[in-house]
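Below is one structure, written out as structure tokens; the observations come after it.
Chain identifiers are assigned alphabetically (A, B, ...) following the order of the sequence lines, protein sequences preceding nucleic acid strands; residue numbering begins at 1 within each chain. Values in this document were obtained by computation on a predicted structure and should not be read as measured data.
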Amino acid sequence: MTAVNSLKLYDTATRSVREFQPLKKGHVSMYVCGATVQAAPHVGHIRSGVNFDILRRWLAASGFNVTFIRNVTDIDDKILHKAVHEEIPWWAVAIKYERAFADAYDALNVLPPTYEPRATGHITQMIELMQTLIENGSAYAPGNGDVYLEVRKLKSYLTLSNQKLDDLLPAGDADETYKRDPRDFALWKAAKPGDPSWPTPWGDGRPGWHLECSAMAHAYLGTEFDIHGGGLDLIFPHHENEIAQSQAAGYGFANLWMHNAWVTTSGEKMSKSLGNSLLVMEVLKRVRGIELRWYLGSAHYRSMLEFSFEALEESAVAFRRIESFLKRAKETVGEISPAIADEFAALMNDDLAVPQSLALISEWQRAGNTAFTAGNTAEVAKNASFIRGALSILGCDPFDPHYGEANSSDLTSAVDGLIAALLEQREAARVRKDFAAADSIRDRITAMGISIEDTPQGPRWSIN
RNA sequence: GGUGGAGUGGCCGAGAGGCGAGGCUCGGGACUGCAAAUCCCGCUACACGGGUUCAAAUCCCGUCUCCACCUCCA
């Protein structure tokens, strides 16, 4: 039995682990900042997706009805630059990379959000929000087509990042002709020739970076919601500005803020300036999606994950051992029903202590293998159930149809028949102690990419 | 300059006053015709210098190194 009331999560706003209390009993409303679709996703982007997917699955498994919003920002400066660079329309850039992200999420079994709103589909809501902000004096339109939020007028600002307005470095690049304060940020940007634009009461233009999240969170989750998430680097300015404009409009906004740490290479943050080698689709040429997900989920979501192909391969090896145990277990005890162990639940409730839960999985695996040797099928089934239950929360259940068991097709039975014939020959050779012949058959099978294991129940094979 | 984070064994990675997570690698053993798989044993670490304490990887003071954000960022 999962004690839903005991879930504790780290809140960036208070810098402490807090008891999670949903606004509405039995429901959780979550907004996670999704991609700005201006380039193909790298493993750092997808880690965020995996981390919040684990949280979402855990909330759902704990009995909550979860409304999970992850937006697509499909209009911004970088997309416009990319359009010029790639010589295609900006909207073609946006959909191209939106699909690349969708493919990556799918490959790693990141569940689709409840709703996945696009910025360009919510211009009306953005204009309404700006209208409210201008009417109540929080924002101003200086007449050049821009609309700014006046940060000095805010009752509080920068509370999430714990900074003082005057400590911030001067913006530098901003055109301050129209700003009342250099730190005021643009809700809306006036149209430049050739740029896409939408009509507003203050002139034609396009959204600034932060406005879309406030508008869409409000549209789908209301004035106040439970959890807002995103990458650590969004704390400032993106999330501060979301808070600023939302609260200036009178919304309570998010109750708890969660931020995942990034993936690093050589100790440094993986950035978009890196080459292509760490794009999700490139990495997936070396390991399966389930293995990449296992690796990305294996560090605590608030810890940096130092990416290396060596660590990735090792992690994949470790995962295959667990997978192999589950498959053997299924062959012997039949269908394995996932079960959530109390110990696992306690760890997940402690700010998603995934790394410790991996230790737990290792223990179950060892106990399960020992039970296997002892022929204790009840014990095998119990351990397998706990493992499968934990893996389902981590999104790494090898029996999840999402990962599409490639070898569960009709081909498997055909291959099974062929391998069985060869194995019979090998067994005959072994019986007559003709080990040279037996090993020769095994070598041929191995060369086909199939592993042979001799078990007390006879040889079994698996595709590498 | 401001704000935040990190330094743990060959590698990855938890923990946050006591009795040494876990995985991978490596070495040894059991099992096996040999393998494979599996199990058992071993390798005993917390950047540095002080301090507090019966007890410090964990708390305090100082030092070093690294990283991130400060209006492009997952």
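When the C1' atom is compared between B:rA45 and B:rC61, the two are found 25 Å apart, to the nearest whole Å. A gap of 30 Å separates the P atoms of B:rC11 and B:rG51, to the nearest Å. Across the C1' atoms, B:rG17 and B:rU52 are found 11 Å apart, a figure rounded to whole Å. Between the C1' atoms of B:rC24 and B:rG62, the separation comes to 38 Å (whole Å).
Within the 4.0 Å cut-off from OP1 or OP2 of B:rG15, at least one side-chain nitrogen or oxygen of A:Q356 is found. Regarding contacts with the backbone of B:rC39, a side-chain N or O of A:N369 is found under 4.0 angstrom from either OP1 or OP2. A sub-4.0 Å separation between OP1 or OP2 of B:rG23 and a side-chain N or O of A:R366 is present.
In summary, A:K153 and A:D184 do not engage in a salt bridge, as defined by a charged side-chain N under 4.0 Å from a carboxylate O.
When both distances must be under 3.5 Å, the Watson-Crick or G-U wobble mate of B:rC69 is B:rG2. Using the Watson-Crick or G-U wobble rule with both distances under 3.5 Å, B:rU53 pairs with nothing in any strand shown. For B:rG42, the paired nucleotide is B:rC26, the pair qualifying as Watson-Crick or G-U wobble because both relevant distances are below 3.5 Å. With both pairing distances under 3.5 Å, B:rU58 is matched to nothing as a Watson-Crick or G-U wobble pair. Pairing for B:rC34 is absent, with no Watson-Crick or G-U wobble pair whose two atom distances lie under 3.5 Å. In this structure, B:rA74 makes no Watson-Crick or G-U wobble pair, since no nucleotide meets both defining distances under 3.5 angstrom.
Nucleic acid contact for A:T370: sugar-phosphate only, since backbone atoms but no base atoms lie under 4.0 Å from a heavy atom of the residue.
Checking A:N349 against A:W58 by side-chain atom types alone, a donor-acceptor pair falls below 3.5 Å.
Aromatic rings of A:Y10 and A:H300 (six-membered ring for Trp) have centroids beyond the 6.0 Å cut-off, not under it. Here A:F253 and A:F225 bring their ring centres to under 6.0 angstrom of each other.
Comparing B:rC39, B:rC69, B:rC72 by their nearest atom to the side chain of A:K78 picks out B:rC72. When the nucleotides B:rA74, B:rA37, B:rG23 are ranked by their closest atom to the side chain of A:K269, B:rA74 comes out on top.
A donor-acceptor contact under 3.5 Å is formed by the side chain of A:D439 with the base of B:rG33. Evaluation of atom-type donor-acceptor distances gives no pair under 3.5 Å for the side chain of A:R321 against the base of B:rG23. The base of B:rA74 does not come close enough to the side chain of A:N51 for any donor and acceptor atom to sit less than 3.5 Å apart. Side-chain N/O atoms of A:R442 and base N/O atoms of B:rC34 include a donor-acceptor pair closer than 3.5 Å.
Checking A:F236 against A:H300, the closest nucleotide of RNA chain B that is more toward the 5' end is the one next to A:H300.
Remark: A:R70 fails to qualify as a cation-pi partner of A:F52 under the 6.0 Å distance and 45° angle criteria applied to the six-membered ring.
Taking atom CZ of A:F372 as the reference point, atom P of B:rU38 lies 12 Å away to the nearest angstrom.
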